[in-house]
Amino acid sequence: MYIYDSVKKEKLKFVPLVPNEATIYVCGPTVYDDAHLGHARSSLSFDLLFRTLKSLGFSVNFIRNFTDIDDKIIKKMQDSSKSLKEITEYYIQRYNEDMDAIGITHPTLTPKATDNLEAMEDMINILMQKNIAYKISNGDIYFDTSKDNIYGKLSNKVSEDTLSRIESVSEKRNVKDFALWKACSKNDSVCFEASFGKGRPGWHIECSAMIQKHTKPVDGYSIDIHGGGADLLFPHHENEASQSRCATGHELAKYWMHNGFVQIDGEKMSKSLGNSFFLKDTLEIYNGEIVRFYLSSIHYRNDFNFNEEDLLNSKKRLDKLYRLKKRVFDVSVSEPSLDFKKSLLEAMSDDLNISVALSIIDEMIAKSNEGLDANPNDKNIKKEILANIEFINELLGFGYQNPFEYFQLGLEAKLKDQINVLLEQRAKAKLEKNFELADKIRDELKAMDINIMDTANGTFWEKIS
RNA sequence: GGUGCUAUCGCCAAGCGGUAAGGCCGCAGCCUGCAAAGCUGCUAUCCCCGGUUCAAAUCCGGGUGGCACCUCCA
C-alpha cells in the first residue's frame with residue numbers, strides 16, 4: 001500500500017506502527033446541519049481507504065468523530081430554541097442515514113466530543129502544568145504556540161500575513177496562539193464543569209483528546225493515518241498536532257491524508273449561490289449508489305466538479321456493470337478471478353487509484369460479455385463473473401443491487417406487470433414472425449420509457465433514465 | 001499579500017523519465033427479422049517558450065490560464 005502524505009508531500013509506502021494493523025482517525029462533521037456533498041466526498045475517500053486496507057488483510061481501527069459542541073450549534077440553538085442534544089442527535093441521525101445511502105462502511109468507533117470532555121480536560125491540565133497553556137483574565141485558556149518550536153511545520157502556512165488575519169486577543173502571548181477552552185458567561189446556554197473553570201472546549205482539542213483516549217501510542221506516534229478535508233490542514237490539523245505533541249511527548253500521526261473539495265458547476269459550493277448543497281437533495285433524485293459511483297470516480301485528492309451531466313454519464317458506466325450482472329444473475333457465486341482481484345487491489349493500493357481500478361473493471365466487463373456471447377450458458381463463466389462483481393462491491397462499494405431492480409427503480413408493481421404482459425405478447429408475435437406487431441409493441445413500450453433488448457441470455461428491459 | 005494545487009481527445013479522467021489507460025459522445029463493422037444491448041475497429045503528442053537528458057505529458061526555469069486554502073467550512 002502506498003499513500004500520498006499531504007504533509008511530506010510525497011507518496012510513501014505505508015508501514016503501519018503495528019504489523020498488519022492500521023489505525024485511522026478522520027475528522028467528521030460538525031452536526032449543526034445536513035451533510036453536504038463535501039461531507040459525502042470526504043467520507044467516501046476514507047471509506048475507500050478503509051475498504052482497501054481491509055481487503056489487503058489489515059485489521060483496521062477506523063475512528064470518525066462527531067463534533068457536537070461548536071459555535072454554529074449554539075447559534076442554531078438560539079435560532080430554534082432547541083437543546084444542544086436535540087439538535088446534535090437529530091443531525092447525527094440524518095448524517096448516518098445519508099452515509100448509509102451512499103454505502104459508507106460504519107467506522108469502528110464514532111466518538112462524540114461531548115462524551116470525551118474528561119479527556120480534553122486532562123489534556124488541557126497537562127498543558128497547563130507544563131506551562132504550555134495559559135489562562136487569560138476572562139477565563140479562556142490558550143495554547144502557547146511559542147513553546148512548540150516546530151509549530152507551523154505541518155501546514156507550512158504560518159506567515160506574517162496569515163497571522164494578521166487571525167483574530168487578535170490582546171492578552172494572548174503570541175498572535176498564533178489558539179483557544180483550548182472558552183469560559184462561559186452567565187447567560188451562555190452551553191457550559192461544562194472543569195477543574196480550571198466552567199466553559200466549553202475549543203475545536204482543536206477534541207480530536208487530540210479523543211485520539212489520545214482511544215488509541216495507544218507506538219514508536220512515537222498515536223495513530224497511523226490522520227485524515228480530513230483539505231481545508232483542515234491549517235489551522236485544525238496544525239493545532240491538533242502541536243498540542244498533542246506538547247501534551248503527550250509523541251507525534252500525533254505517522255501519515256496525513258487530505259481529500260480535495262467539491263464544487264458545483266465550477267463554482268464553490270455555498271448557500272448564497274443557491275447551488276445544490278445537501279446530499280439529501282441529490283439523493284431525492286438519484287439512487288445512493290449512483291451518487292457514490294459518481295463521487296468516488298475521481299481521485300480523492302483532486303477537486304471534484306459536481307454537475308448533473310457528468311453524473312448521468314458516469315451512471316452509464318455503472319449501467320454496463322449491471323447489464324452484465326443481469327446476464328449472470330441466475331447462478332450462485334464461486335471465487336473471483338485471481339488476476340482480476342489482484343490487479344484491482346494493486347490499483348487501489350497505489351494511493352487509491354480509482355481511475356485505474358475502474359478501467360480494469362471496464363475491461364473485465366468487456367471480456368465477460370465476450371465470453372458470454374460465445375457461451376451464453378456456461379455456468380462456470382457466470383459464477384466467476386458474479387464473484388468478480390461481488391469483489392468489486394467489497395472493495396469499492398458498488399454493484400450490490402439486484403440488477404433487475406436497478407434498471408426498474410421507482411416503477412410500480414402494476415406497471416411492471418403491464419410490461420411483462422406486453423413482453424409476452426411480443427415474444428409470441430416474434431415466434432409467429434409477426435414482426436409488425438412485435439415492433440408495434442416495442443414502440444408502445446418505448447413510449448412508456450421502457451427500452452428492451454434481446455440478448456443471448458433472454459429479453460431484458462430497462463427504464464430509460 | 002502568503003501558501004499550495006492544477007492545465008492531457010468535444011466532455012469526464014489515468015499517467016510519477018522510456019515513447020499517450022479507461023468511460024461518455026461520434027463514425028464504421030459484426031450480431032439481430034429490424035432494433036436495443038453486446039462485441040470489434042477508428043479518433044489526442046499532452047497550454048506557450050526555453051532548458052536538462054540518449055530519451056519528457058512526465059524533471060528544471062520563465063510565461064499565460066484555472067482553482068483552493070490562509071475566516072473553528074469536508
Side-chain angles (χ1 to χ4, degrees), chain A residues 4 6 9-11 26-30 33 35-46 67 70-72 155-167 178-179 182 202-204 206 227-236 239 258-263 266-270 294 297-299 301-303 305 307 309-320 323-324 326-327 347 350-351 353-363 365-374 430 433-436 438-439 442-443 446 451-457 459-462 464:
Chain A
Y4 183 86
S6 39
K9 298 197 186 305
E10 57 181 331
K11 206 185 273 184
V26 175
C27 291
T30 300
D33 211 338
H36 56 234
L37 294 171
H39 290 114
R41 180 144 151 84
S42 182
S43 299
L44 228 29
S45 301
F46 292 102
T67 297
D70 181 83
D71 287 354
K72 287 187 171 154
S155 61
N156 192 28
K157 260 187 188 152
V158 190
S159 66
E160 287 308 310
D161 220 77
T162 295
L163 294 181
S164 68
R165 293 173 180 240
I166 296 174
E167 179 196 16
F178 54 91
K182 291 182 177 180
W203 179 36
H204 314 300
E206 71 169 86
D231 56 330
L232 295 180
L233 186 53
F234 185 85
H236 186 52
N239 293 348
H258 292 92
N259 65 275
F261 261 48
V262 177
Q263 288 155 251
E267 287 185 313
K268 187 186 163 106
M269 187 167 59
S270 78
Y294 174 50
S297 66
I298 290 170
H299 190 86
R301 270 190 281 125
N302 289 150
D303 282 340
N305 185 17
N307 74 74
E309 195 186 327
D310 288 351
L311 185 149
L312 289 170
N313 284 340
S314 139
K315 178 185 177 299
K316 287 180 186 167
R317 202 174 187 179
L318 183 60
D319 288 350
K320 287 170 66 164
R323 289 204 187 99
L324 174 64
K326 276 199 291 197
R327 300 184 71 176
D350 180 18
D351 194 36
N353 194 332
I354 189 83
S355 294
V356 168
L358 293 179
S359 73
I360 291 166
I361 291 171
D362 288 329
E363 276 162 28
I365 293 173
K367 254 190 188 161
S368 299
N369 277 319
E370 207 182 346
L372 287 172
D373 285 344
K430 271 182 72 178
K433 302 232 186 278
N434 185 351
F435 296 123
E436 204 180 321
D439 291 349
R442 185 168 62 201
D443 289 344
K446 192 135 199 169
N451 206 12
I452 59 175
M453 47 212 69
D454 301 320
T455 77
N457 295 81
T459 297
F460 296 132
W461 63 272
E462 295 175 4
I464 298 168

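Below, chains carry the letters A, B, ... as their sequence lines are ordered, and counting in each starts from 1.
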**Study point:** For atom CD1 of A:Ile452 and atom C1' of B:A37, their distance in whole Å
**Key:** 11 Å
Check your understanding: With a 4.0 Å cut-off on heavy atoms, is A:Asn239 in touch with a base, just the backbone sugar-phosphate, or nothing at all?
Key -> nothing
Point to revise | Closest-nucleotide ordering on RNA chain B, the 5'-leading residue of A:Asn353 and A:Lys9 | key: A:Lys9
**Study point:** Heavy-atom donor-acceptor pair, A:Ser45 side chain to A:Arg41 backbone, under 3.5 Å
**Key:** yes
Point to revise | Protein-nucleotide distance (A:Arg327, atom CZ; B:A37, atom C1'), rounded to Å | key: 9 Å
Exercise for review: Not counting sequence neighbours, which residues clear side-chain hydrogen bond (donor to acceptor under 3.5 Å, both in side chains) with A:Thr67? List them please.
Suggested key: A:Asn65, A:Glu206
Review point. Do the non-hydrogen side-chain atoms of A:Lys315 and A:Tyr294 ever get within less than 4.5 Å of each other?
Key: no
Check your understanding: Given atom NZ of A:Lys326 and atom C1' of B:G38, what is their separation to the nearest angstrom?
Key -> 12 Å
Exercise for review: For A:Lys315 and B:G23, give me the distance from atom NZ to atom P, rounded to whole Å.
Suggested key: 18 Å
Point to revise | Residue matched to B:A21 through Watson-Crick or wobble contacts both under 3.5 angstrom | key: none
Review point. To the side chain of A:Lys316, which of B:C24, B:G22, B:A74 is closest?
Key: B:C24
Check your understanding: If we take the C1' atom in both B:C48 and B:A14, what is their distance in whole Å?
Key -> 24 Å
Exercise for review: Please determine, for B:C59, whether a Watson-Crick or G-U wobble partner exists with both distances under 3.5 Å, and give it or none.
Suggested key: B:G51
Practice item. For A:Asn305, check side-chain hydrogen bond (donor to acceptor under 3.5 Å, both in side chains) against everything at least two apart and list the hits. Key: none
Review point. Take atom CD in A:Glu10; do more than 12 heavy atoms of anything else shown fall under 6.0 Å from it?
Key: yes
Exercise for review: Select base, sugar-phosphate, or nothing to describe what A:Lys11 touches, counting heavy atoms under 4.0 Å on all strands.
Suggested key: base
Review point. NA contact type, A:Glu462, heavy-atom cut-off 4.0 Å: base, sugar-phosphate, or nothing?
Key: nothing
Review point. What is the pairing partner of B:C31, taking Watson-Crick or G-U wobble pairs with both distances under 3.5 Å in any strand?
Key: none
Check your understanding: Given the P atoms of B:C27 and B:C70, what is the spacing between them in whole Å?
Key -> 47 Å
Review point. Which residues satisfy the side-chain hydrogen bond (donor to acceptor under 3.5 Å, both in side chains) test with A:Asn457, sequence neighbours excluded?
Key: A:Arg327
Check your understanding: By centroid distance (under 5.5 Å) and plane angle (under 30°), are A:Phe261 and B:A68 in a stacked arrangement?
Key -> no
Check your understanding: So what does A:Ala366 touch, heavy atoms closer than 4.0 Å: a base, only the sugar-phosphate, or nothing?
Key -> sugar-phosphate
**Study point:** A:Met453/A:Trp461 under side chain to side chain contact (heavy atoms under 4.5 Å, CB included): CA gap, chis, key distance, verdict
**Key:** CA-CA 6 Å; A:Met453 47 212 69; A:Trp461 63 272; over 6 Å; no
Check your understanding: Can you tell me how far C1' in B:A7 sits from the matching atom in B:U32, rounded to whole Å?
Key -> 45 Å
Exercise for review: Name the nucleic acid region contacted by A:Arg41, choosing base, sugar-phosphate or nothing; use a 4.0 angstrom heavy-atom cut-off, strictly under.
Suggested key: nothing
Exercise for review: With sequence neighbours excluded, tell me which residues meet ring-ring contact (aromatic ring centres under 6.0 Å, His included) with A:His258.
Suggested key: A:His237
Exercise for review: Can you tell me, in whole Å, how much space there is between the C1' of B:A55 and that of B:U43?
Suggested key: 27 Å
Practice item. Scan every strand shown for a Watson-Crick or G-U wobble partner of B:A37, both distances under 3.5 Å, and answer none if you come up empty. Key: none
Between the protein and nucleotides 30-32 of chain B, list every N/O to N/O distance that falls short of 3.5 Å.
none

Review point. Taking the P atom of each, how far is B:A20 from B:G63, in whole Å?
Key: 31 Å
Practice item. Measure from CG on A:Asp319 to P on B:A36 and round the result to the nearest Å. Key: 16 Å
Point to revise | Along RNA chain B (nearest heavy atom to each residue), the more 5'-positioned of A:Asp439 and A:Asp70 | key: A:Asp439
Check your understanding: So what does A:Gly260 touch, heavy atoms closer than 4.0 Å: a base, only the sugar-phosphate, or nothing?
Key -> base
Check your understanding: Taking atom P in both B:C49 and B:A56, what distance in whole Å separates the two?
Key -> 15 Å
Review point. Looking at the side chain of A:Met453, which of B:A36, B:G33, B:C69 is the nearest nucleotide?
Key: B:A36
Exercise for review: Using atom CG of A:Leu232 as one end and atom P of B:A68 as the other, report the distance to the nearest whole Å.
Suggested key: 17 Å
Exercise for review: Could I get the full list of salt bridge (Lys or Arg N to Asp or Glu O under 4.0 Å) partners for A:Asp310, not counting sequence neighbours?
Suggested key: none
Check your understanding: Does the pair A:Asp362 and A:Lys320 meet the rule for a salt bridge (Lys or Arg N to Asp or Glu O under 4.0 Å), with working shown?
Key -> CA-CA 8 Å; A:Asp362 288 329; A:Lys320 287 170 66 164; 5.4 Å; no
Study note, to complete from the structure: By ring-ring contact (aromatic ring centres under 6.0 Å, His included), A:Phe46 pairs with (sequence neighbours left out) none
Point to revise | Pairwise C1' distance for B:C31 and B:C5, with rounding to whole Å | key: 48 Å
**Study point:** Nucleotide forming a Watson-Crick or wobble pair with B:G26, both distances under 3.5 Å
**Key:** B:C42
Check your understanding: Please give, in whole Å, the distance from B:A37 P to A:Asn457 CG?
Key -> 16 Å
Review point. How about A:Ser42 and A:Asn259: does a side-chain donor come under 3.5 Å of a side-chain acceptor?
Key: yes
Practice item. Could you tell me which residues satisfy side-chain hydrogen bond (donor to acceptor under 3.5 Å, both in side chains) with A:Lys11, sequence neighbours excluded, listed by chain and number? Key: A:Asp350
Might you list the N or O atoms of the protein lying below 3.5 Å from N or O atoms in nucleotides 11-13 of chain B, with each pair's distance?
| residue | atom | partner | partner atom | Å |
| --- | --- | --- | --- | --- |
| B:A13 | O2' | A:Ser355 | OG | 3.0 |

Review point. Which base sits across from B:U3 as a Watson-Crick or G-U pair, both distances under 3.5 Å?
Key: B:A68
Practice item. Using the C1' atom on both, measure B:G23 against B:A13 and round to a whole Å. Key: 8 Å
**Study point:** Side chain of A:Lys320 (C-beta onward), nearest among B:G22, B:A74, B:G23
**Key:** B:G23
Review point. So what does A:Arg301 touch, heavy atoms closer than 4.0 Å: a base, only the sugar-phosphate, or nothing?
Key: nothing
Review point. Within this structure, what is the CG-to-P distance between A:Asn369 and B:A36, rounded to whole angstrom?
Key: 17 Å
Check your understanding: What is the nucleic acid contact for A:Val26, judged by heavy atoms within less than 4.0 Å: base, sugar-phosphate only, or nothing?
Key -> nothing
